[in-house]
Amino acid sequence: MERNVQKASEKIIVALDVSSREQAFDLVKRLSGKVGAYKVGMQLYNSEGPDIVRDIQLLGGRVFIDLKFHDIPNTVAQTSRVMVKRQAFMFTLHAGGGSKMMRAAQQALLDEAAQNHLPTPLSLAVTVLTSISQEDFQQEMGVDKPIAQHVVALAKMAKASGLAGVVCSPQEIAAIRQACGKDFLIVTPGVRPVWAGADDQQRITTPAQAIQAGADYLVIGRPITKAADPAAAAEKIALEMAEA
Ligand code: C5P
């Protein structure tokens, strides 16, 4: 693989939204060397238990544990310590848990990593879920302002709390990059190449557009995992990203 394409492929995180170890392993083996990490979300984690993380790591993959923690500061801080022990590459917590929760989590993370001489997992704040529309936001959550404005405020709070970055819609990348600077990680799902269907995603961009807007990592599920040849689909996406 050409060097630029190789570099781009490392920015792809594949969402392993499957229910069994066999399906997950099949994808990890097919995609080895073609992507940068594997995302284990609530479906696979709750189907197979936490050992699935170690087993993917044993196959050589980095694991993004996407369980979106949202609880009081002590609970999320103690769970962040577990993320260090599991050697997560990345993990998620909700910015809506507030700055006290995020600060406690980050402090616990750094402390646990230092004590055990382990790498510090990248902590990512989930801002507003991309499935929430402006209308839901106003009527159900009672917030009377544009979602994008709220997302940027949450991203700034996550940065001030010491977190490594955020998960957001590709359409919010540019505003967050401007508000939070170049060292703040932006990880984005909702990415669809023109040759793939949109599925249930609403606010999408292409891989090239997400890279041009300044994303650090793209989370991509079905366009790769449901493709007849997942490795070829990942390569095609990496090529598009390298050319962006
Ligand atoms: O298959 P697809 O590419 O749509 O998968 C996107 C992945 O990103 C899923 O695992 C989904 O849970 C996750 N995600 C998302 N939108 C968010 C946060 C996470 O689609 N706002």
Side-chain angles (χ1 to χ4, degrees), residues 9 11-20 23-24 27-28 31 34-48 52-53 56 61-70 88-97 122-134 136-137 141 147-148 150-152 154-155 158 163 165-173 175-176 185-211 213 215-228 230 233-234 236-238 240-241:
S9 73
K11 297 182 174 188
I12 300 176
I13 299 174
V14 180
L16 296 176
D17 292 330
V18 293
S19 298
S20 75
Q23 288 168 293
L27 284 166
V28 172
L31 293 166
K34 313 260 185 233
V35 299
Y38 302 92
K39 184 169 86 73
V40 174
M42 56 179 89
Q43 182 185 353
L44 182 57
Y45 192 91
N46 287 301
S47 298
E48 290 291 354
I52 191 70
V53 173
I56 294 170
R62 295 193 292 189
V63 180
F64 171 4
I65 303 182
D66 184 22
L67 297 175
K68 302 185 175 67
F69 305 134
H70 194 172
F89 168 50
M90 298 172 161
F91 74 102
T92 42
L93 60 168
H94 272 281
L122 298 168
S123 50
L124 301 174
V126 175
T127 53
V128 177
L129 294 174
T130 46
S131 49
I132 306 282
S133 68
Q134 184 66 49
D136 299 337
F137 195 56
M141 286 158 211
I147 290 185
H150 190 61
V151 166
V152 169
L154 290 174
L163 264 60
V166 281
V167 179
C168 65
S169 152
Q171 298 178 2
E172 288 140 14
I173 297 170
I176 293 176
L185 282 182
I186 299 182
V187 177
T188 179
V191 177
R192 286 292 180 272
V194 286
W195 45 265
D199 303 307
D200 54 353
Q201 292 284 9
Q202 304 281 335
R203 303 172 58 225
I204 56 178
T205 68
T206 64
Q209 286 166 336
I211 290 295
D216 293 296
Y217 290 96
L218 311 189
V219 173
I220 306 179
R222 290 160 290 182
I224 294 175
T225 60
K226 300 276 186 227
K236 205 166 158 185
I237 292 172
E240 176 180 331
M241 290 162 68

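Ligands are counted one by one from 1 in listed order, and the atoms in each one are counted from 1 as well. Sequence positions, counted from 1, serve as the residue numbers for this chain. All values below come from the heavy atoms of this structure, side chains included, with hydrogens, waters and symmetry mates left out.
- Each of the atoms 1 (O), 2 (P), 3 (O), 4 (O) of ligand 1 lies under 4.0 Å from some heavy atom of Arg222.
- Within the structure, salt bridge (Lys or Arg N to Asp or Glu O under 4.0 Å) pairs that include any residue of residues 215-225 comprise Arg177-Asp216, Asp199-Arg222, Asp200-Arg222 (at least two apart or interchain).
- The nearest protein atom to atom 16 (N) of ligand 1, hydrogens excluded, is given as Thr130 OG1, 3.1 Å; this is a heavy-atom distance.
- Looking at atom 11 (C) of ligand 1, its nearest protein heavy atom turns out to be Lys39 NZ, 4.1 Å.
- In the model, Ser19 has a side-chain atom that pairs as donor or acceptor with a side-chain atom of Gln43 under 3.5 Å.
- In terms of protein heavy atoms, atom 6 (C) of ligand 1 is closest to Gln201 NE2, 3.7 Å.
- Remark: distances from the non-hydrogen atoms of Arg192 to ligand 1 include one below 4.0 Å.
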Quick one, Val219 with Met90, criterion side chain to side chain contact (heavy atoms under 4.5 Å, CB included). Give me CA distance, side-chain angles, the key distance, then yes/no.
CA-CA 12 Å; Val219 173; Met90 298 172 161; over 6 Å; no
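- Residue-level proximity to ligand 1 for Lys68 is carried by the side chain, the only part with a heavy atom below 4.0 angstrom.
- Note on ring orientation: taking the six-membered ring where Trp is involved, the planes of Tyr217 and Phe89 are perpendicular (angle over 60°, cut-offs 30° and 60°).
- The atoms of ligand 1 that sit less than 4.0 Å from any heavy atom of Ala15 are 7 (C), 10 (O).
- Residue Val40 is tested with Ile56, Ile65, Asp66 for a side-chain contact (heavy atoms from CB on, under 4.5 Å); the sole match is Ile56.
- The salt bridge (Lys or Arg N to Asp or Glu O under 4.0 Å) test applied to Asp136 returns no partner, not counting sequence neighbours.
- Heavy-atom contacts of Pro189 reach the following atoms of ligand 1: 8 (O), 14 (N), 15 (C), 16 (N), 17 (C), 18 (C), 19 (C), 20 (O) (cutoff under 4.0 Å).
- Distance check: Ile224 CD1 to Ile237 CD1 gives 4.0 Å after rounding to the nearest 0.5 Å.
- Close approach of ligand 1 to Asp17 is summarised as follows: ligand atoms under 4.0 Å from at least one heavy atom of the residue are 9 (C), 10 (O).
- Geometrically, ligand 1 and Gly221 share a nitrogen or oxygen pair separated by less than 3.5 Å.
- For ligand 1, the atoms closer than 4.0 angstrom to any heavy atom of Val219 are 7 (C), 8 (O).
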Verdict with reasoning, Tyr45 to Val53, per side chain to side chain contact (heavy atoms under 4.5 Å, CB included)
CA-CA 8 Å; Tyr45 192 91; Val53 173; 4.2 Å; yes
